[in-house]
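One-based numbering, in listed order, for ligands and for the atoms of each. Scope of the values below: all heavy atoms of this structure, side chains included, with no hydrogens, waters or symmetry mates.
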Amino acid sequence: MDNRPIGTNYTDKGPKPEKGRFLKFDHIEWWVGNAKMVASHYCARLGFEPMAYKGLETGERQVASHAVKQGETIFVFKSAYEPNGEITKIMGDHLTLHGDGVKDVSFAVEDLEAIVERAKKKGVKIVKDIWEEEDKDGKVRFARVQTYGDTTHTFVDRSNYKGIFLPGFGAPKIKDCLSPTLPEVGVLFIDHIVGNQPDLSMEDAAKWYEQNLMFHRFWSVDDKQITTEYSSLRSIVVANWEENIKMPLNEPADGKKKSQIQEYIDYYGSAGVQHIALSKEAHAIFTKPLQDRPTVFIEIIQRNNHQGFGAGNFKALFECIELEQQERGNL
Ligand SMILES: O=C(O)C(=O)Cc1ccc(O)cc1
Ligand SMILES: [Fe+2]
């Protein structure tokens, strides 16, 4: 496979932020139609294990949360309970507009105050100011901000917590009799999370991370560098100072036919998370979209002393998605 480096690597990370540190991806929150069943699917098909549960049996009346884990990667699937609840309306509207999808990407942070104070000064939309949750295993502090589309980022300070996941969560509810019998997939951690942006909004999305979270440009590629017979794309990867959190941002560039990024936007109804790449010791594998809409999917990736994004991988995936896009009548 052609894996020559392409695109632009940036060497200037800018000044190290004086205060506040992004430690790693914490977990991914998905809003879905049937959280219990989606969680079970990720266990049976993608090597996750049931991790924790919050719902009616633990005293939570409004939202069911099923957390599953593989290595360091945690996905939490949520669905609303009450037919006429306030949260049900919010989650229901989200579901109608977007289908199943990623609502929130959370980061474990150090010095939450400094990060939130800086975000406020810069004019970031604060969805929920600093709050605390507590149970017998300790205390966790959070804050939530708005990023692209309806997607949010939650900052999590879990330095004073030793429970299984988060306060209020109990033992997992789903029991998967299949998973102990399945081979280890060996997924370790989240390598990158990609956000698709409507045309001409990628640059602003990248600036949002640079200006508000003090991330820097790590790599970028333009529509002349990544192109297939039918279309092309532009992408900017932003990263935290330590470069263990990478957030590529794509935007469509139509060629002869419709870009796959545009297909995503058309079906998600706005900017949103396109794929989550999980790092493991095997070759790159891409799942198909995991719901009926051609929106979010998962990438399993191996890195051999190369932290960038290679031409071969990128183009192979790009072409593979175009074939399916054609079958859907969307190319
Ligand atoms: O290099 C990677 O990790 C990619 O994931 C490349 C990529 C990103 C977006 C696409 O629509 C197609 C391919
Ligand atoms: Fe990727």
Side-chain angles (χ1 to χ4, degrees), residues 1-9 25 28 46 73 101-102 105 148-149 187-199 201-202 205-206 217-239 243-255 257-268 271-280 282-290 293-328 330-331:
M1 194 198 280
D2 174 9
N3 239 338
R4 278 168 303 162
I6 46 146
T8 309
N9 286 300
F25 288 110
I28 312 294
L46 281 161
T73 305
V102 171
V105 172
Y148 49 77
V187 167
L188 299 175
F189 58 88
I190 299 173
D191 186 274
H192 57 272
I193 300 183
V194 184
N196 279 350
Q197 313 299 319
D199 200 11
S201 53
M202 168 188 70
R217 265 167 222 237
F218 176 79
W219 185 77
S220 70
V221 70
D222 69 28
D223 46 339
K224 281 165 217 68
Q225 295 166 311
I226 290 275
T227 174
T228 70
E229 198 189 334
Y230 301 118
S231 72
S232 53
L233 68 71
R234 290 183 282 272
S235 190
I236 299 172
V237 181
V238 291
E243 300 186 337
N244 61 327
I245 298 174
K246 296 192 195 85
M247 305 279 297
L249 303 156
N250 297 333
E251 74 179 3
D254 290 348
K257 300 201 172 173
K258 186 199 272 201
S259 164
Q260 61 193 253
I261 309 306
Q262 190 58 47
E263 186 199 32
Y264 173 101
I265 299 291
D266 291 348
Y267 281 87
Y268 198 68
V273 169
Q274 180 213 32
H275 75 267
I276 301 165
L278 307 175
S279 189
K280 95 177 196 87
H283 284 98
I285 305 166
F286 293 91
T287 71
K288 314 227 159 170
L290 289 140
R293 296 194 196 193
T295 53
V296 64
F297 60 90
I298 304 289
E299 169 185 358
I300 312 284
I301 182 176
Q302 175 190 19
R303 293 202 178 274
N304 292 318
N305 287 319
H306 175 63
Q307 290 311 306
F309 294 77
N313 195 34
F314 218 116
K315 196 171 171 188
L317 174 59
F318 208 56
E319 287 178 339
C320 198
I321 296 176
E322 272 179 356
L323 280 175
E324 293 163 9
Q325 199 184 342
Q326 169 104 56
E327 284 174 26
R328 292 190 283 259
N330 292 328
L331 185 67

* Go through the steps to decide whether E322 and K257 satisfy the test salt bridge (Lys or Arg N to Asp or Glu O under 4.0 Å), and finish with yes or no. => CA-CA 10 Å; E322 272 179 356; K257 300 201 172 173; over 6 Å; no

Can you name the atoms of ligand 1, numbered from 1 with element, that are less than 4.0 Å from a heavy atom of [X]?
| X | result |
| --- | --- |
| H192 | 3 (O) |
| Q260 | 10 (C), 11 (O), 12 (C) |
| E299 | 3 (O), 5 (O) |
| I261 | 11 (O) |
| L317 | 5 (O), 7 (C), 12 (C), 13 (C) |

* Can you see which heavy atom on K315 is nearest to which on T228, and at what distance? =>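 Closest approach of K315 to T228, heavy atoms only: CE-CA, 4.5 Å.
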
* Side chain, backbone, both or neither: which part of V194 comes within less than 4.0 Å of ligand 1 when only heavy atoms are counted? ->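 Answer for V194: neither.
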
* Please step through side chain to side chain contact (heavy atoms under 4.5 Å, CB included) for the pair Y268 and R293, ending with a clear verdict. => CA-CA 8 Å; Y268 198 68; R293 296 194 196 193; 5.9 Å; no

* To do: Give a yes or no on whether the backbone of M202 and the side-chain of E251 come within a donor-acceptor separation of less than 3.5 Å.
  =>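 Side chain of E251 to backbone of M202: a pair is present.
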
* Atom pair CD/OG of Q325 and S231 - distance to nearest 0.5 Å ->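 With rounding to 0.5 Å, CD (Q325) is 6.5 Å from OG (S231).
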
* Whether H275 and F297 hold their rings parallel, tilted or perpendicular, with breakpoints at 30° and 60° ->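 Geometry flag for F297 against H275: parallel rings.
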
* Taking side-chain contact (heavy atoms from CB on, under 4.5 Å) as the test, write out the residues that go with A239, two or more places apart. =>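 So A239 forms a side-chain contact (heavy atoms from CB on, under 4.5 Å) with H216, F218, E243, K246.
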
* With sequence neighbours excluded, residues passing side-chain contact (heavy atoms from CB on, under 4.5 Å) with A271 ->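 Once residues adjacent in sequence are excluded, the partners of A271 under the side-chain contact (heavy atoms from CB on, under 4.5 Å) criterion are Y148, Q197, P198.
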
* **Distance-only N or O hit between ligand 1 and N250, under 3.5 Å** =>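 By distance alone, the answer is no.
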
* Asked: Partners of Y230 by ring-ring contact (aromatic ring centres under 6.0 Å, His included), sequence neighbours excluded?
  ->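 For Y230, no residue satisfies ring-ring contact (aromatic ring centres under 6.0 Å, His included) once neighbours in sequence are set aside.
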
* For the Fe ion (ligand 2), check which protein N, O or S atoms are under 2.8 Å away and list them. =>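 Atoms qualifying: H192 NE2, H275 NE2, E299 OE1.
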
* Output yes when R234 and D223 qualify as a salt bridge under the 4.0 Å nitrogen-oxygen rule, no when they do not. =>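 So R234 pairs with D223 through a salt bridge.
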
* Which of these, K315, E319, Q274, has its nearest heavy atom closest to atom 10 (C) of ligand 1? ->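 Nearest option to atom 10 (C) of ligand 1, by heavy atoms: Q274.
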
